[in-house]
Amino acid sequence: MSNRYELNKNLAQMLKGGVIMDVTTPEQAKIAEASGACAVMALERIPADIRAAGGVSRMSDPKMIKGIQDAVSIPVMAKCRIGHFVEAQILQSLKIDYIDESEVLTPADNVNHIDKTKFQVPFVCGARNLGEALRRIAEGASMIRSKGEAGTGDIVQAVSHMRAINGDISKIAAMREDELFVAAKNMQVPYELVEYVHKNKKLPVVNFSAGGVATPADAALMVHLGAEGVFVGSGIFKSGNPEKRAAAIVKAVTNYNDPDMIAKLSEDLGEAMVGINENEIKILMAERGQ
Amino acid sequence: MKIGVLALQGAFQEHQKALSSLGAETFQIRQHRDLNIELDGLVLPGGESTTMCKLLLELNMMDNLRNKIQNGLPVFGTCAGLILLSKKIQNQSTTGLATMNIECCRNAYGKQLDSFKTSSQFADIGEVPMVFIRAPYITQASANVEILAKVDGKIVAAKQKNQLVTAFHPELTNDVKIHSYFLKNIVNMAK
């Protein structure tokens with residue numbers, strides 16, 4: 001395994017226990033950093049607005065990404081479309097710290113993901129189950145996040161996906177060694193990755209939660225369910241008091257195990273983002289890029 | 001031997017694993033009440049220093065921890081931990097615990113593309129692997145600070161009485177020599 005891939009997995013280890021926030025301007029990036037974000041995700045529109053606007057959603061303007069890189073000292077991530085390796089090359093040329101090959105943008109390829117082993121910068125990818133997670137890792141992803149359902153403020157999909165990933169891991173861990181070959185075949189993933197999961201009872205990379213976190217309680221719930229950290233997209237800058245909500249979510253992730261503290265943190269946060277549930281939406285982003 | 005590991009954010013489990021393998025008992029420090037545990041030593045892990053600083057302040061832990069360190073609690077800071085212990089941080093007006101007479105530069109090597117792994121000499125130990133992830137280095141150190149390692153002329157490890165810092169991440173390798181150095185030369189000496 002290459003030195004660079006190890007270093008890229010290592011950066012994800014440094015993000016653990018933290019909150020990565022979607023931002024669309026340098027000002028929002030500064031608010032996120034001051035609120036305790038461990039990284040920011042630079043994008044032109046947050047997922048809730050992408051849903052509202054419809055049409056084709058693409059990688060952000062490099063100028064806007066550079067503005068955010070100049071505004072903060074924490075790692076800056078940015079999204080490219082699934083399969084759009086030229087957008088990824090552009091992001092690498094900007095020396096972005098992490099690329100999210102994301103189902104939140106309109107997919108550029110309905111069959112193939114990017115061959116992420118060809119890149120020096122790290123990639124994070126979404127997954128709904130262990131098979132998706134391991135396929136992305138086989139393609140070179142050095143970090144995984146649950147897909148959830150971005151831009152909804154509804155935690156139900158993130159919960160399903162995190163439970164599915166960890167449930168699948170438990171099953172693989174409990175298998176006899178001679179059953180791993182068929183498991184690899186059924187999940188359409190390399191045998192070596194299944195063997196790793198069997199031996200270590202975990203993914204070979206860090207696993208965050210994403211898609212639908214709107215409250216400190218949502219964030220703490222995901223950590224209880226096995227998320228090693230949390231992405232928050234629309235939940236912060238679509239709410240009434242972004243600074244306060246962001247800081248509360250950061251503290252809830254650190255002290256997910258302390259209901260008294262989370263009760264206090266949840267007080268008087270102003271309006272949460274107006275949620276929509278999955279039955280009300282036309283596009284299930286999580287179904288993109290399997 | 002009881003070692004607390006600051007578990008606000010970052011790679012604290014990796015430190016716990018390294019310390020446990022050396023026979024130390026470890027505790028996660030996540031909030032003010034966790035500071036009541038009697039500790040023989042403290043580890044400040046890698047992660048984001050701005051996040052940890054913010055949480056130390058808001059969870060009302062900063063002054064208490066600073067006092068403990070000033071009163072001789074053995075402490076080992078890696079990467080973000082080094083930044084927390086630095087008295088001065090280049091291009092930044094705020095500081096964290098600020099108990100060690102060093103000045104550091106954050107993200108001194110650049111972005112993630114500039115992260116690297118090397119190996120180099122560490123005082124009294126010999127050659128150790130060194131993983132630098134968006135790492136800082138020490139730009140200035142007072143006379144009472146002992147320089148323990150340099151890479152390309154930059155100071156990447158140092159010690160001042162009860163305080164040990166590395167700009168790199170020994171907890172990301174299988175080599176526990178520096179953790180062992182901390183337990184033997186700093187924690188045991190203080191006992």
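Quick note on labels: first sequence line is chain A, next is B, and so on, each numbered from 1. Please read these numbers as outputs of a predicted model, since none were measured by experiment.
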Problem - Salt-bridge present (Lys116(A), Glu101(A); N to O < 4.0 Å) - result: yes
Exercise for the section: Would you mind checking which part of Gln13(B) comes under 4.5 Å of any heavy atom in chain A, side chain (CB onward), backbone (N, CA, C, O), both or neither? Expected result: side chain
Exercise for the section: Could you tell me which portion of Asp258(A) (side chain, backbone, both or neither) has an atom closer than 4.5 angstrom to a non-hydrogen atom of chain B? Expected result: side chain
Handout entry: Electrostatic pair Lys2(B):Glu38(B) at N-O distance under 4.0 angstrom
Key = no
Practice task
Please look at Ala37(A) and chain B and tell me whether the side chain, the backbone, both or neither of the residue comes under 4.5 angstrom of a heavy atom of that chain.
Solution key: backbone
Practice task
Examine whether an atom of Leu8(B) lies under 4.5 Å from a heavy atom of chain A, and if so say whether it belongs to the side chain, the backbone or both; otherwise answer neither.
Solution key: both
Handout entry: Ion pair check, Arg136(A) and Glu139(A), cut-off under 4.0 Å
Key = yes
Practice task
Name the region of Phe119(A), side chain, backbone, both or neither, that has any atom closer than 4.5 Å to a heavy atom of chain B.
Solution key: neither
Exercise for the section: Select one option (side chain, backbone, both, neither) describing which atoms of Arg30(B) are under 4.5 Å from chain A's heavy atoms. Expected result: both
Practice task
Sort Glu14(B) into side chain, backbone, both or neither according to what part of it lies under 4.5 angstrom from a heavy atom of chain A.
Solution key: side chain
Problem - Lys95(A)/Asp114(B) salt bridge by N-O under 4.0 Å criterion - result: yes
Exercise for the section: Decide if the gap between the ring center of Tyr137(B) and the ring center of Phe132(B) is smaller than 6.0 angstrom. Expected result: no
Handout entry: Asp175(B)/Lys177(B) salt bridge by N-O under 4.0 Å criterion
Key = yes
Handout entry: Side chain / backbone / both / neither for Leu113(B) at chain A, heavy atoms under 4.5 Å
Key = both
Fill in the blank from the handout: Looking only at Ala247(A), Ser35(A), Ala39(A), most heavy-atom pairs under 4.5 Å shared with chain B are made by Ser35(A)
Problem - Best-contacting candidate, Gly17(A), Pro122(A), Gly18(A), Pro75(A), against chain B by heavy atom pairs under 4.5 angstrom - result: Pro75(A)
Problem - Top contributor to chain A contacts, counting heavy-atom pairs under 4.5 Å, from Cys53(B), Ala80(B), Ala7(B), Gly10(B) - result: Gly10(B)
Handout entry: Leading residue by heavy atom contact count with chain A [cutoff under 4.5 Å; candidates His169(B), Lys117(B), Lys111(B)]
Key = Lys111(B)
Exercise for the section: Ignoring hydrogens and angles, state whether a donor on the side chain of Gln90(B) or Arg106(B) is under 3.5 Å from an acceptor on the partner side chain. Expected result: no
Practice task
Over all heavy atoms of both residues, which pair between Phe123(A) and Ala88(A) is shortest? Give the atoms and the distance, please.
Solution key: CZ-CB, 3.8 Å
